[in-house]
Number of protein chains: 2
Amino acid sequence: MDTKNEKTYTLDAIAKELGVSKTTVSRAISGKGRIGFETRERILEFIKTNNYKPNVIARGLAEKKTYNIGLALPEELKAWDSPFCHRSINGICDVATANDYDLILLWINYNNITQLKRIVDNQKADGIILTRTMVKDDPVKYLKKAEMPFVVIGSSDDKSVTHIDNDHVQACKTLTELLLSRGLKKIALIGGETHLCVTNSRLKGFNLALEGKEKSVKSKVVLDAITQPQIIKATDEVLESKPDCIVCMDDYICSVVMTHLNERRISIPEDVSIATFYRSVMLEGFNPPITGLEFDEKALGGIACEKLIEKLKGKDVQDFLNSDYRLFMGKSIKQ
Amino acid sequence: MDTKNEKTYTLDAIAKELGVSKTTVSRAISGKGRIGFETRERILEFIKTNNYKPNVIARGLAEKKTYNIGLALPEELKAWDSPFCHRSINGICDVATANDYDLILLWINYNNITQLKRIVDNQKADGIILTRTMVKDDPVKYLKKAEMPFVVIGSSDDKSVTHIDNDHVQACKTLTELLLSRGLKKIALIGGETHLCVTNSRLKGFNLALEGKEKSVKSKVVLDAITQPQIIKATDEVLESKPDCIVCMDDYICSVVMTHLNERRISIPEDVSIATFYRSVMLEGFNPPITGLEFDEKALGGIACEKLIEKLKGKDVQDFLNSDYRLFMGKSIKQ
DNA sequence: CTGAAAGCGCTTACAG
DNA sequence: CTGAAAGCGCTTACAG
């Protein structure tokens, strides 16, 4: 066990103890440069038995690196996005750690980039991971000017930025096609903010699946349903066109729709089928289980971190669309 | 504006530019040691116009500090706890930043403390913030042995650990007393895991309010209702004793109870009143609005961070119970 | 294959 | 009031 009772060694102390120079010890650890086999073994042996861990900060200073990645979290995160956020942080952290990086937290509140500046100014990170909500305006502008490498989780319109996202278009197309193959003939859609890229991607997937089908298949589409009242209103609106299926763009919309249908005593799937383009844990309590797309946020976070680390190594990194997703089959749609 | 085009200064460069020693520049910045008024003004002026920021990592190395606080996040966090967690991180981060510290993230998965060890071994943090779920076993043991300062958000039975928590006992007592003062006469309680301190605190507050009242006031109490089916079962069980009010210990329990009552066509508050000892954003969508306790998780996180920083300054820090909370009055209880 | 030396960007006794 | 020097714990040309 590593207790504080053990002496805390430094490179220098080890060198003296072993009668070699610290250069040699350093080489044994880093694996860089030539070093005698036996010498190295002896040093590594000593390090192991004494549980020596090099001081990463000192190493960083010498190498002009921090071994830190700044993770920007949106302060104004909606409650429903928290679990998503939490899982993606998890994935980021695992990959960072595996690559000897640590994660430094910072908040971005809309365009308040005080904390982002702080990390850059204080030179506490080698690169930054943003999320899509931050792509507009200040954070991106600032990072570009400061020449700080960064990637973005999610999509935006800015082609000069590296995005890591789920392949929503493909996924939504697949789910919609499935609904069609189940014989559903009047499909309505309720979606969120049209100024978000993800909304447009989902709509695109939906429309792609409907292309070439009879026009009547596409029932009412209501977008920009954001607040609970708006979503309820959208539900009522959509119901008037008598759809046999309502597709919800995300988990929050879906939960409000489900609750509202229940209150209106509309049975699922007898009266109307329900599906969601984003099925999160928040939807797990509903009955019947809701058919929908599940994305692996942890994996996505991990990929984003990998891409950033590639960038830090000087590689040229392209946008990445993760096409791994699951289609959960629940009884919310007619069999 | 601070662009990369500007020269990036170091202490040494500034000293040469100004014809003084770096010692003097360092003193001007830190405010430590004596320095001529005019000299200091001249240096600070130069720093300001050139937007110089000292390299925090180098400073840390010299001072044998990291200016980092390790924040341990539980990997197995329940979805319902994420928003809570997110807000508290927010508070921690703000306070840390205000005190020149940054936050380093690490995961603890049950008793897997690999990442915790990593931070300690690599000497990347001066102290650690844990949450209550980690108090059992390994993380605390490890930190004690490693002599790494830490505080815990939430409560545990370990008296040798510094806890920062909400005053659940007091708050729950207050809410229960309010229910009594509203004329409610048969109050049931549904709660979660009895091995958690918070469950016992809530129960204690509940019982304190009922002390000295007629025995009949306390209706059925069911604890260890954790999963959705368990909570539904508990609800049915509790209903059999015909309570005029059901108190839920947390937001998740409350949401399941509300949904279940709705399915059973039991009206709130006509048939039964509902209150919750923990009212989070997740409960905001429910109708009628639910009476319950609201805690400021962001503030609690901030306090925890303050306490840790005091510890890092060598002060002796006691447990802290935050007694600020709000009582939200909703129509879920009879007027 | 190995080591002395300079350096990363700061702080802090110590001396004047 | 100010500065030269040593030091924090590493890395890395350079020389041998």
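Order of the sequence lines sets the chain letters (A, B, ...), proteins ahead of strands, with each chain counted from 1. Predicted model, so just to flag it, every value in this text is computed and none were measured.
- Between the side chains of B:Lys311 and B:Thr162, a donor-acceptor pair is found at a separation under 3.5 Å.
- With D:dT2, D:dA13, C:dT11 as the choices, the nucleotide that has an atom nearest any side-chain atom of B:Glu63 turns out to be C:dT11.
- Distance A:Ile29 CD1 to C:dT2 P: 15 Å, rounded to the nearest Å.
- Not one side-chain nitrogen or oxygen of A:Thr10 sits closer than 4.0 Å to the OP1 or OP2 atom of D:dG9.
- The existence of a salt bridge linking A:Arg118 and B:Asp102 is confirmed by a sub-4.0 Å separation between a basic side-chain nitrogen and an acidic carboxylate oxygen.
- Each of C:dC10, C:dT2, C:dC8 was ranked by its minimum atom distance to the side chain of A:Lys64; first place goes to C:dC8.
- Using the six-membered ring where Trp is involved, A:Trp107 and B:His86 have ring planes that are perpendicular, over 60° apart on the 30 and 60° scheme.
- At a threshold of 4.0 angstrom between heavy atoms, the contacts of B:Arg59 are confined to the sugar-phosphate backbone, with no base atom among them.
- Scanning both residues, B:Ile29 and B:Ile47, for their nearest heavy atoms gives CG1-CD1, 3.5 Å.
- Regarding contacts with the backbone of D:dC10, a side-chain N or O of A:Tyr52 is found under 4.0 angstrom from either OP1 or OP2.
- One can place CZ of A:Arg27 at 6 Å from C1' of C:dT2, the figure rounded to the nearest angstrom.
- Using Watson-Crick or G-U wobble geometry with both donor-acceptor distances under 3.5 Å, C:dG16 finds its partner in D:dC1.
- An OP1 or OP2 oxygen of C:dC10 is reached within less than 4.0 angstrom by no side-chain nitrogen or oxygen of B:Ser26.
- Atom pair A:Asp12:CG and D:dT11:C1' shows a separation of 13 Å (rounding to whole Å applied).
- Atoms NZ (B:Lys53) and C1' (C:dC10) sit 17 Å apart, rounded to a whole Å.
- Distances were taken from every side-chain heavy atom of A:Thr24 (C-beta onward) to each of C:dG3, D:dC10, C:dT12; the shortest belongs to C:dG3.
- Checking B:Asn55 against A:Lys22, the closest nucleotide of DNA chain C that is more toward the 5' end is the one next to A:Lys22.
- Comparing D:dT2, C:dG9, C:dT11 by their nearest atom to the side chain of B:Thr39 picks out D:dT2.
- Each of B:Gln123 and B:Gly19 was assigned the nucleotide of DNA chain D with the nearest heavy atom; the assignment lying further toward the 5' end belongs to B:Gly19.
- Side-chain atoms of B:Asn90 and B:Glu297 include no donor-acceptor pair closer than 3.5 Å.
- Atom CG in B:Leu18 sits about 12 Å away from atom P in D:dT2, given to the nearest Å.
- Looking at heavy-atom distances under 4.0 Å, A:Val56 makes no contact with the nucleic acid at all.
- Each of D:dT11, D:dC1, C:dC1 was ranked by its minimum atom distance to the side chain of A:Leu11; first place goes to D:dT11.
- A:Lys124 has its NZ atom 14 Å from the C1' atom of C:dG9, to the nearest Å.
- Aromatic ring orientation, B:Tyr101 versus B:Tyr67: tilted (interplanar angle from 30° to 60°).
- Side chain of B:Ala62, nearest nucleotide from C:dT12, C:dT2, C:dG9: C:dG9.
- Within the 4.0 angstrom heavy-atom criterion, no nucleotide atom of any strand lies near A:Phe37.
- For B:Pro54, taking side-chain heavy atoms from C-beta onward, the closest of the listed nucleotides D:dC8, C:dC10, C:dT11 is C:dC10.
- Of the side-chain N and O atoms in A:Lys32, one or more sit less than 4.0 angstrom from OP1 or OP2 of D:dT12.
- A salt bridge links B:Lys144 to B:Asp158: one of the charged nitrogens lies within less than 4.0 Å of a carboxylate oxygen.
- Of the candidate nucleotides D:dA4, C:dA4, D:dT11, D:dA4 has the atom lying nearest to any side-chain atom of B:Thr23.
- Taking 4.0 angstrom as the limit, B:Tyr9 places none of its side-chain polar atoms (N or O) nearer than this to OP1 or OP2 of C:dC10.
- The CD1 atom of A:Ile35 sits 12 Å away from the P atom of D:dT11 (whole-angstrom rounding).
- Separating the CD1 atom of A:Ile57 from the C1' atom of C:dC8 is a distance of 14 Å, rounded to the nearest angstrom.
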